[in-house]
Protein chains: 2
Amino acid sequence: MRIAVAQLNYKLGDFAGNFAKIANAIQTHHDYDLVVFSELCLSGYYPGDLIDYPQFLETQNHFLEKVSALTQNGPAVIIGFISKNPNKGKPFYNSLALFANHQQRTIYHKRLLPVYNIFDEARHFAPGKTPGIVEFNQLKIGLLICEDGWASLNDYLYDCDPVQDLMQHPLDLIICINGSPSNVGKQKERLTQFSSIAKRCQAPLIFTNQVGANDDIVFDGASFILDNEGKSLGALPSFSECVGTFSFNEGTIHSLNHFQQTSLVPEIALCYQQIILGLQDYAQKCGFHQVVLGVSGGLDSAITLALAVKALGARNVIGLAMPSRYSSKASLDDAMALCHTFNVQLFVASIEDEFSLALNQFTKIYGEKPKSLTEQNIQARLRGRFLMEYSNQTGALVLSTGNKSELSVGYTTLYGDMTGGLNLIGDLYKTEVYDLCEYFNQLHPDTPIPVNIIRKAPSAELAPEQKDSDNMPEYAILDPILKLYIEGDLLPKEEYSRYQTITAKLDPAIIKRVRNMVDKAEFKRRQAAPIIRLQRRAFGFGRQLPITGTFP
Amino acid sequence: MRIAVAQLNYKLGDFAGNFAKIANAIQTHHDYDLVVFSELCLSGYYPGDLIDYPQFLETQNHFLEKVSALTQNGPAVIIGFISKNPNKGKPFYNSLALFANHQQRTIYHKRLLPVYNIFDEARHFAPGKTPGIVEFNQLKIGLLICEDGWASLNDYLYDCDPVQDLMQHPLDLIICINGSPSNVGKQKERLTQFSSIAKRCQAPLIFTNQVGANDDIVFDGASFILDNEGKSLGALPSFSECVGTFSFNEGTIHSLNHFQQTSLVPEIALCYQQIILGLQDYAQKCGFHQVVLGVSGGLDSAITLALAVKALGARNVIGLAMPSRYSSKASLDDAMALCHTFNVQLFVASIEDEFSLALNQFTKIYGEKPKSLTEQNIQARLRGRFLMEYSNQTGALVLSTGNKSELSVGYTTLYGDMTGGLNLIGDLYKTEVYDLCEYFNQLHPDTPIPVNIIRKAPSAELAPEQKDSDNMPEYAILDPILKLYIEGDLLPKEEYSRYQTITAKLDPAIIKRVRNMVDKAEFKRRQAAPIIRLQRRAFGFGRQLPITGTFP
C-alpha cells in the first residue's frame, strides 16, 4: 500500500486556490492508494468568523465534492473540512473524511476543541462524541484531529481522551491530521507526545500538518511518521510545501521519499525560518511586492532589513534613514553600511526641518515648549509618517521594527515606531534579537549585519546622549523579568529556573515596576501591527487582557 | 422577607475596590434578609486572562471570605465569583454562592458558557453539570447565571437547558445573576426571554446585572423583577449604580424601592447613555481627566465633542481645529461656533506650514510629487500627530472620531484620523450618527449641535472640493449594504427586511464593491482604537476575521 502525505500552504477562504493544490497532489499521485491532507485544508486553518459567512460551507462543499470525484479513478483521500452539525450545539464540526471511489467511507468529528492561547475553536464547532476508526484496504486505521492527541498532556483541560479510546482497539495505523502552529519548543513537544501515542496504541502513526502563514500565525509543516514503537522514521521539511510518500506493508513502513532524518530545528533557526516564511506569506497573500522600513543604524531595524532581504530579495526592500539632531553620525554611517552590505536602496530623509518646524509650531500654539516626552514622540511620529508616505505612494508594506522587550514595557511610540502592517521581531526580546543577529551572521557570512551595529549600546536617539538603559533596567535583567511575567507559566522547567535564578537576586521593587510598565502599555499593544508569533505566548490574540483592568 | 438587589459598577481585577462597594451595600442593608449581587462581581465581568494570573483566585477568595464574614450578623448574600474546578476540564467555574451566617449554604456553577460574539467563557471556565436550587427561609429558590437563561433562544447552541431542569421543581423564586453587556435591542430581548422563564417556572424572578464600562463593553444594569406570570414589576435605572429593595411575602412581591416602571430605553437614547457612561468609565478607570479631539467642523467630531462635554464637563474637553489649504472657511467657522456653544477651549493650529514643508520634502527625497492619496494621508497624519502632541504634553486622552461606515470601508487614515485611545461613535453608521445628533439636540436644546454642521454634505476636506460621495455610494445606500454585510444575521426580521428592500434595487456590482472594501480594510481595523460597542456586532473582539483571508 502506497501512501502520500501532503503538506501544503493554504490561503484562508480561497477554496478554488486550495482545491487546485489538493487536486494537483492527488493527480500527481494517481497510482497511490491513499493521499493524506491536513486539518481544515479546504478552507485553510483557521478561518475564524469567515465560517459564519453565508455560502462559506456551501462553497467548501462544492470543492469537497470535486475532491471526492477525483477518488473515482484515483487514490483514496483523507481530508479535513468543515461539516454541518445536525444536532444541538454549535452549528459545525471540525471533521475528517476518507473518500474512496467517489464515496465518503467514513466521517470523524474532532472531539477536543482547543480554547486557549491563540485557539478558539469552540466559537464555531461542536465537539465530536465518538472515536474515529475506519477500515481501509484490510487495515484498521485510528483517526485523530490535532488537539485530539494532546489530552494526556493537557489532561486537566478535557474530560475525555480520544487516544485512550483508540487504545481499546487493535490498530494497524493511526492518522492524525493537524493545523498545528509553530512556536519554539513545539516540534519537540509534538514528537514526544505523538511518540507516546504510537507506543500506547502499538501502531505506526502519520502526522500531517499544513505549512505557511496566516496573519501572525505560522505553520511549520514538519509532518512526520512514527513506527509502532514511537520511533521517528522521518519528517517532511519544515517551512516548505512537500508531498512525501512511503509504502506500508504488513505493518512496516518503508521506501520513504522526501522524508528526512528527523532533526528538530534549533530554536533560533526556527525563529529565523518562521519569520522568513511569515513575511513571504503575508506579502504574497495580501498582494504586497515591496516592503519599506526605517533604518536607524540600530539593531532592530538592521535585523528586520536583513530578514526582509532574505525573504523577498534586495530589490523588494527599501530603507529610509531619517536622522534628526539627536542622531549620531555613526548611526547614519551604520545605516548606509547596512544597506550597502545588503544591496538595499536607501533614501536619506532628514526629519530635522520638520522637527524644528513642529517644535516652533507647538510653542506658537500653546505658548509653552514641548516637554521631553512630547519632543521624543514628535520625532518618532514624523518617521512613522515618512514611512507611510512611501507606502501610500508605492504600495509597499511598512515593516514595524519594535522588539518584544520594548512592546512589553511600552518603550515605543504609538503611530511612531509602531507604524507598520507587520512586525517581524516583535515576539523576540532584545537579548533574543542579539541571538538572532548572531545566527544570521553565521548563516550568511557574506552578508553579515555589521558588527558596529551589534556592538553599540541600544538607543532610541530621541534625546541627547539617550540610552535605553536610562529608562529601563539593562536588557540582561529586564528580559528575564518580562519572560517570567508574560509566558512564565508556559516555559519548560529548566528555562523557568534559569530566569528565576536571575530575578531572585533583584530588588522586588524593580520587578514590580517592570510589571507595572507592562500592564500600563496594554493600550499601545492593542493598536500594534500583527506580530509574527514565535514563542509560546505572543502579544495579540493569545494574550487577552483588559486595558481598564488592574491586578494586583 | 426583605431583599435588596445591588447593581454596581466594578473595576476589573480591583478586588479591594469592588469589595468596598459590595460591603457598603451589605452594611447599608444590614436589616435585610438577602442582598443579591451580579455575576463575577468581585473581579468584575469579564476579567479575561487576568483569571490565569497567579494569586488572582487567591486574592478574590480573600475578599470572598470577608463578604461571607459580613453575613454573620447581617443579611444573607448571593454573589458571583470564580471558583476552582477540582475535576478534569478547565481549571475554574463561573460560580454563584449563597452565604448566610458566615457559611456557604450552596454553590452553583454556570452551566452554559457563551463562546460567540464578544464572549469567550470556555477559555477559562468549565461548565457546571447540575441544576441550582437552594432552600432559604423556607423558600425554594432556583438559580441561574446569565447565559443559563438563554438556551431556549439559542437552542441550537447548547445541548442542555438549565431552565428546563428548574421547571421540574416547584419554585418560590428564581434568581438570575448576570454580566450582561448592553447593545441595541438587548433590554427588550432580556425582558421577553426572562418573562417566558418566569412564566414557564411559575415563579417570580430577580435579574441582577452589573453597570459600567470595561474597555469597549458597556453594561447597562437595568436589573429587573418579574412576577410569576412574567409581568415586569419594575427595573432599576439603566446606566447608573443603584441598590433596589422589595419585600417578598407569600409569593407576592411588594414595597418596591428604587425600582421604576419598566420602560425600555429607546435605541438612540440607549446609544447616547451608553456612550456617556462608556467614556466616563474609560477615563476614570484608566486615570484620564481630560480628553482632546480634532474638531473639523464636520458632524462626527461635533457629536463626539458634544458627547464628551456631557460625559466629562466642558472644562475637561479640549478641541483642536487643524485647517489646511483644503479646509473651507465655513468649516473653521463651524468648529469655532461648536466650541463656543459648548464652552470648550479650542486651539486653532493650522497644519498648512507643515503640510507645505512635507510636500516639498517628499519631492526632494523621491524626485516626484506625492500622489493625491499620499497628500491626503499626510494631512490626516499631521493632525493625528498634533493631537498626540497635546496628549503627550498634558496627559489628555485623544478621542478618535471615525464612524462605522468609514471604518467599514476603510475611508479613514491609519495613524491619522484613526489616532486615539477611544472611539465614541465607531459603532454607529453615518446615518445613525445623524439620528444621534438629532436626539442630542432634542435632549439639549440649549446646547445644540449647530444646524450648519448637520446640514452640510460630508467631506474629509483632504482634496479640493472633495465630498465623501465621490469615493463611496451615498450613505443612504452604503449603510444598508454595510449593515446587512456586517450584522445582517443578528438583526430583527423587520429591520433586516427594511435594508433588504433598499439593497434589492441596487446594482449587485455596487454591493460587491462595498463588501470588497470592507474585507480589504481589515488591516486598518486591527489597529483601531477601542470602539464603544453599541450594536449587535461591533468591530473588535466580536468580529474575528483574518487579514490574509479572502471570501468569496
Side-chain angles (χ1 to χ4, degrees), chain A residues 11-14 47-50 53 55-56 59 88-91 115-116 120 122-123 156-159 214-215 282 285-286 347 349 353-354 357-358 361-362 365 370-371 373-374 377-378 381 384-385 388-389 392-393 415 419 421 523 526-527 529-530 543-552, chain B residues 11-14 47-50 53 55-56 59 88-91 115-116 120 122-123 156-159 214-215 282 285-286 347 349 353-354 357-358 361-362 365 370-371 373-374 377-378 381 384-385 388-389 392-393 415 419 421 523 526-527 529-530 543-552:
Chain A
K11 182 172 172 182
L12 296 174
D14 180 15
D49 289 354
L50 286 177
Y53 275 39
Q55 273 91 53
F56 195 78
T59 307
K88 286 211 171 185
K90 289 280 184 180
V115 188
Y116 57 81
D120 199 13
R123 185 172 172 92
Y156 60 94
L157 285 182
Y158 303 109
D159 45 18
N214 296 323
D215 290 11
Y282 191 88
K285 291 177 181 177
C286 292
F347 292 98
D353 288 352
E354 298 204 40
L357 180 58
Q361 295 282 89
F362 186 95
I365 301 164
K371 294 177 184 168
L373 176 72
T374 312
N377 282 328
I378 289 174
R381 293 199 178 101
R385 205 202 74 217
M388 291 307 292
E389 284 173 18
N392 286 149
Q393 189 80 359
Y415 325 130
T419 293
F523 77 100
R526 199 66 75 88
Q527 297 188 41
R543 186 174 177 275
Q544 300 177 9
L545 291 170
I547 296 174
T548 43
T550 175
F551 182 80
Chain B
K11 182 172 171 182
L12 296 175
D14 180 14
D49 289 354
L50 286 176
Y53 275 39
Q55 272 92 53
F56 195 80
T59 308
K88 285 211 170 186
K90 289 278 182 180
V115 188
Y116 57 81
D120 199 14
R123 185 171 172 92
Y156 61 93
L157 285 182
Y158 303 109
D159 46 18
N214 296 323
D215 291 8
Y282 191 89
K285 291 177 182 178
C286 291
F347 291 99
D353 289 352
E354 298 206 40
L357 180 57
Q361 295 283 89
F362 186 95
I365 300 164
K371 294 177 185 169
L373 176 72
T374 312
N377 281 330
I378 289 174
R381 293 199 177 101
R385 204 202 74 215
M388 291 307 293
E389 284 173 18
N392 285 148
Q393 189 80 357
Y415 324 131
T419 293
F523 77 99
R526 199 67 73 85
Q527 296 189 41
R543 186 174 177 276
Q544 299 177 9
L545 291 171
I547 295 174
T548 43
T550 172
F551 183 80

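Worth saying up front: this structure is predicted, and the values here are computed from it rather than measured.
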Check your understanding: Which is it for K11(A) and T548(B) under the side chain to side chain contact (heavy atoms under 4.5 Å, CB included) test, yes or no, and what are the steps along the way?
Key -> CA-CA 8 Å; K11(A) 182 172 172 182; T548(B) 43; 6.0 Å; no
**Study point:** Contact leader toward chain A among R381(B), Q55(B), R526(B), K285(B), where contacts are heavy-atom pairs under 4.5 Å
**Key:** R381(B)
**Study point:** Closest non-hydrogen atom pair, Q527(B) against G421(A)
**Key:** NE2-CA, 4.3 Å
Check your understanding: Parallel, tilted or perpendicular for Y415(A) and Y415(B), by the 30°/60° rule?
Key -> tilted
Practice item. Please check if the side chain of D49(B) supplies one atom and the backbone of Q544(A) the other of a donor-acceptor pair under 3.5 Å. Key: yes
**Study point:** Residue pair L50(A) / F551(B): nearest heavy atoms and the distance that separates them
**Key:** CD2-CB, 4.2 Å
Study note, to complete from the structure: Separation between CD1 (I378(A)) and CE (M388(B)), nearest 0.5 Å, reads 11.5 Å
**Study point:** Closest non-hydrogen atom pair, R543(A) against R123(B)
**Key:** N-NH2, 4.1 Å
Point to revise | chain B contact via Y116(A) - side chain, backbone, both or neither, heavy atoms under 4.5 Å | key: both
Check your understanding: Distance-only, no hydrogens or angles: does the K371(B) side chain make a donor-acceptor pair with backbone N or O of Q393(A) under 3.5 Å?
Key -> yes
Review point. Which region of Q361(A), side chain (C-beta onward) or backbone (N, CA, C, O), has a non-hydrogen atom less than 4.5 Å from a non-hydrogen atom of chain B, or is it both or neither?
Key: side chain
Review point. Rounded to the nearest 0.5 Å, what separation is found between the CG atom of D120(A) and the CG atom of D120(B)?
Key: 4.0 Å
Study note, to complete from the structure: In short, A358(B) meets E354(A) closest at the heavy-atom pair CA-OE2, 3.6 Å
Review point. With a 4.5 angstrom heavy-atom cut-off, which part of P47(A) approaches chain B: side chain, backbone, both or neither?
Key: backbone
Point to revise | Gap separating the CG atom of N392(B) from the CG atom of N377(A), nearest 0.5 angstrom | key: 4.0 Å
Exercise for review: Can you see which heavy atom on F347(B) is nearest to which on I365(A), and at what distance?
Suggested key: CD2-O, 3.9 Å
Practice item. Tell me, for D215(B) versus chain A, whether the close heavy atoms (under 4.5 Å) come from the side chain, the backbone, both or neither. Key: both
Exercise for review: Against chain B, label N214(A) side chain, backbone, both or neither, depending on which of its atoms sit under 4.5 Å from a heavy atom there.
Suggested key: both
Exercise for review: Counting only heavy atoms closer than 4.5 Å, note whether T59(A) contacts chain B via side chain, backbone, both or neither.
Suggested key: side chain
Practice item. Looking only at non-hydrogen atoms, find the nearest pair between V115(A) and A122(B) and report the distance. Key: CG1-C, 3.8 Å
